[in-house]
Amino acid sequence: MKGAARPFFILAVCYAVAGMVLGIAMAAMHDHTQMPTHAHIMVAGFLMSSVFAFFYHLFPEIGSRPMARIHFYVQAISGVVLVASLFVLLQGTEQIEPVTALASIGFLAGMLLFIWNARPVLRAA
Ligand code: HEM
Ligand code: HEM
């Protein structure tokens, strides 16, 4: 794996381990308060990062562009802040909500960057 594919794949496996540890902790403690955090780490984190990794692996000429790196940093930073602040929010610290909201917008911006990067594939139908 080259270009942006590799960091996205590394990010995906980190999300997977963190999300599963949280899932096991929730199950063990019979406390599902953090269910939305677990769900977003697994699906928005692990699964989406895996999709980005395999996309950039399939299209290495796109994955090696600087814009693919920029996409990685925007998606990774906003995603980690999103799930970390959601965790804190659900623990009861409501003042952190604006951080979660900003991170959500950053996460959407990441998705829009991905669509921008995927233009050649979208066009060549
Ligand atoms: C170590 C493995 C895992 C454990 C122990 C675990 C545990 C849990 C628990 C306890 C819940 C809360 C259920 C509820 O309150 O109704 C949950 C929900 C959820 N999990 Fe996991 N999970 C694991 C792996 C995964 C994986 C691999 C994914 C996806 C790739 C995933 C995605 C979800 C989602 C989307 C929900 C929310 C379901 C809903 O909306 O009802 N989990 N999980
Ligand atoms: C802009 C970022 C996002 C925001 C602000 C957001 C917000 C939300 C909200 C408010 C809920 C309802 C939670 C509840 O009822 O307790 C939810 C649920 C869910 N979202 Fe997201 N979401 C985002 C991105 C995503 C993405 C990208 C995915 C998957 C690729 C996803 C997958 C899910 C799933 C599986 C659930 C059901 C599990 C649960 O209830 O926690 N979300 N989301």
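Values below: all heavy atoms of this structure, side chains included; hydrogens, waters and symmetry mates excluded. Throughout, residue positions are numbered sequentially from 1 according to the sequence presented. Only a predicted model underlies this, so the values are computations on that prediction, with no experimental measurement involved. Order of listing sets the numbers, starting from 1, for every ligand and every atom in it.
Listed by chain and number, M35, P36, A39, H40, V43, A44, M48, S104, F107 each place a non-hydrogen atom less than 4.0 angstrom from ligand 2.
Under a 4.0 Å criterion applied to the non-hydrogen atoms of I24, ligand 1 contributes the atoms 1 (C), 5 (C). For ligand 1, the atoms lying closer than 4.0 Å to a non-hydrogen atom of M26 are 9 (C), 10 (C), 11 (C), 12 (C).
Contact detail for L90 and T33: the closest heavy-atom pair is O-CG2, 3.5 Å. Shown here for M1 and F9, the closest heavy-atom pair between the two residues is SD-CB, 3.7 Å. Contact detail for Q34 and L86: the closest heavy-atom pair is OE1-O, 4.3 Å. When all heavy atoms of V74 and G106 are compared, the pair lying nearest together is CG1-O, 3.5 Å. Scanning both residues, R65 and P120, for their nearest heavy atoms gives NH1-CG, 4.2 Å.
Take H38 and apply the side chain to side chain donor-acceptor pair (under 3.5 Å) test, not counting sequence neighbours, and it matches no residue.
Ring geometry, Y56 versus F8: the interplanar angle falls under 30°, so the pair is classed parallel (tilted spans 30 to 60°).
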